[in-house]
Amino acid sequence: MNRQHLNTWLLRHLQVALASLGRLCRAPLATLMTAAVIGIALALPTGMHVALSNVQQLAGGWDGTATLSLFLKQEVDEKQAMQLANRLRAHPQLATVQLIDPDLALEEFQRLSGFEGALQALKKNPLPTVLVIEPHPQQSTPEAAEALLAEFNQLTEVDFTQLDLQWVRRFHAITEIAQRGVMVIGLLLGLAVLLIIGNTIRLEIQNRRSEIEITKLIGGTDAFIRRPFLYNGFWYGLSGGILAWLLVTLSLWALNEPVERLAGLYHSEFDLSAIDGQTLGFLLLGSTLLGLFGSWIAVGRHLSSIEPS
Amino acid sequence: MIHFENVTKRYPGGHEGLSNTSFHITPGEMVFLTGHSGAGKSTLLRLIGLLERCTRGQVRVGGRNLAKIKRSQVPYHRREVGMIFQDHRLLNDRTVFDNVAMPLVVAGLRHQEISRRVHASLDKVGLLNRERVYPITLSGGEQQRVGIARAVVSKPPVVLADEPTGNLDPTLSQEIMDLFSQFNQVGVTLLIATHDLELISNMGKRILTLSHSRLMRDTAASRS
């Protein structure tokens with residue numbers, strides 16, 4: 001009996017869901033307008049979130065991990081530098097140690113900087129050997145990085161050390177503020193979506209007043225009467241979410257070319273990344289839940305006030 | 001089937017729609033309810049359909065005390081009571097078939113069963129060939145027959161009708177009454193409010209007469 005029961009229940013829900021979708025499709029303009037309002041409201045925080053994660057991605061290696069640069073003394077030769085690098089590789093708190101050979105560095109500098117002529121005039125390579133060190137992620141807090149820095153300053157081979165800690169801290173602070181801002185805007189616009197859907201459903205309830213009255217007269221339960229309105233909210237939310245995704249994707253597509261050109265000027269391989277699966281899932285789930293919740297509130301408030309007379 | 005024991009319905013403001021009324025309708029009876037307008041006919045029917053609850057006394061339908069039925073259980077009570085109205089209460093954006101099918105859809109019947117029962121019901125009221133049209137295109141008498149088909153499609157044991165012939169000419173009214181008699185013959189309990197005394201006088205059924213919210217007369221059936 002249970003299986004039979006479940007099948008009938010599912011079938012009935014499917015019927016109501018499709019009937020609700022059909023009803024919305026028969027008034028395409030009105031439906032599209034509601035969905036567009038929801039879509040635009042949701043596209044704003046989503047777009048900002050995507051932009052922010054792009055910025056974080058652009059910051060790449062600096063994000064989260066502080067990179068230390070150890071500039072070795074001029075008199076340290078290649079062999080000694082290698083030995084130091086190997087010693088540091090055994091250090092338990094370090095993730096990677098990269099040795100930058102002065103000749104290679106000069107070559108790259110010549111290639112990228114445009115000072116080729118000037119550099120060739122130099123009699124000897126002025127660049128020191130550099131060890132670029134990345135601590136383990138759990139050691140990448142500013143305090144731990146500073147402690148490491150102090151430790152490496154003691155090494156005899158090291159001329160001086162550098163850590164872009166201020167920069168890392170500022171960047172973290174800025175992205176935190178931006179993230180918080182996106183969250184606040186997202187919450188406000190989510191609330192707006194809730195109100196939009198609630199109001200739309202309220203109008204629908206009013207338009208279908210006689211239908212509700214008659215359904216109550218012939219023994220329709222509250223759940224039965226509520227169901228089509230909840231599905232309406234569901235479809236509004238889902239279509240709004242899809243529209244928001246389309247809007248953000250279109251905007252990214254429009255931005256991609258100029259961003260690529262700008263990145264090219266900085267010799268960066270940076271590429272605008274689209275909405276990732278997780279964000280898309282969150283967007284669609286969130287918009288659908290907002291739709292359901294908005295219509296639930298409207299239905300709860302207005303359905304009980306309609307009684308057959 | 002329908003028991004009223006000292007039932008009073010007082011509306012906010014003090015007006016009494018029904019005062020201290022008692023009667024009993026047995027299963028399978030067909031009873032008319034008459035009285036001037038405002039005498040309390042509609043109030044009485046509304047109490048049975050739980051559109052309203054009585055202030056004092058007790059209403060029982062099919063053995064159940066309606067005062068004990070919780071709000072969430074009211075829909076299930078209404079499925080046991082078919083209601084017919086003077087203004088039909090049909091949905092004009094749905095076909096005749098869909099209108100009649102509503103009680104069955106609400107009750108969650110399967111599609112084939114709904115189709116079978118709606119056709120049987122429409123056949124009984126003589127509108128089987130009009131199932132695809134919209135109620136607005138039908139005449140008043142036909143619309144009322146759709147309303148009747150909807151009220152009986154789920155085979156409720158009790159059917160209430162509030163001025164079902166109010167807007168109809170005598171011939172159509174007689175047709176509707178004949179239809180009610182047919183339902184009564186298969187065991188449905190009917191309570192029909194009407195002020196058309198001429199129409200019901202020669203039907204020989206029991207008549208309850210209300211006046212100023214009170215039951216004035218209970219005329220027994222002369223034949224059945």
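Throughout, a chain's letter reflects where its sequence line sits, starting with A, and its residues are numbered from 1.
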Checklist outcome for this item: Tightest non-hydrogen contact, residues T215(A) and M102(B), listed as OG1-CE, 3.5 Å

Item to check | Interface residues of residues 176-209 of chain A facing chain B - non-hydrogen atoms under 4.5 Å apart | outcome: none

Checklist entry - What heavy-atom pair brings K216(A) and R78(B) nearest, and what distance separates the two atoms? => result O-NH1, 2.9 Å

Item to check | Part of V105(B) within contact of chain A (heavy atom distance under 4.5 Å) | outcome: both

Checklist entry - What distance do H111(B) atom NE2 and R12(A) atom CZ have between them, rounded to the nearest 0.5 Å? => result 14.5 Å

Item to check | Exercise: identify the closest heavy-atom pair between L51(B) and P308(A) | outcome: CD2-CG, 3.7 Å

Next on the checklist: Take a 6.0 Å sphere around NE2 of H13(A) and say whether it holds more than 12 heavy atoms from other residues, nucleotides or ligands.
Outcome noted: yes

Item to check | Stepwise side-chain contact (heavy atoms from CB on, under 4.5 Å) check, S72(B) with D222(A) | outcome: CA-CA 8 Å; S72(B) 58; D222(A) 284 353; over 6 Å; no

Checklist entry - Based on non-hydrogen pairs under 4.5 Å, which of R94(B), E80(B), Q73(B) is most in contact with chain A? => result R94(B)

Item to check | Residues from residues 272-294 of chain A approaching chain B under 4.5 Å (heavy atoms) | outcome: none

Checklist entry - Do other residues, nucleotides or ligands put more than 12 heavy atoms under 6.0 Å from R64(B) CZ? => result yes

Checklist entry - With a cut-off of 6.0 Å (strictly less than), are more than 12 heavy atoms of other residues, nucleotides or ligands near CZ of R53(B)? => result yes

Checklist entry - At a heavy-atom separation under 4.5 Å, does E211(A) approach chain B through its side chain, its backbone, both, or neither? => result both

Item to check | L50(B) versus chain A, the contacting section by heavy-atom distance below 4.5 Å | outcome: neither

Item to check | D93(B) side, atom CG; S210(A) side, atom OG - distance, nearest 0.5 Å | outcome: 7.5 Å

Item to check | Non-hydrogen side-chain atoms of I214(A) and M83(B) separated by less than 4.5 Å | outcome: no

Item to check | Minimum heavy-atom distance P103(B)-I218(A), with the two atoms named | outcome: N-CD1, 3.5 Å

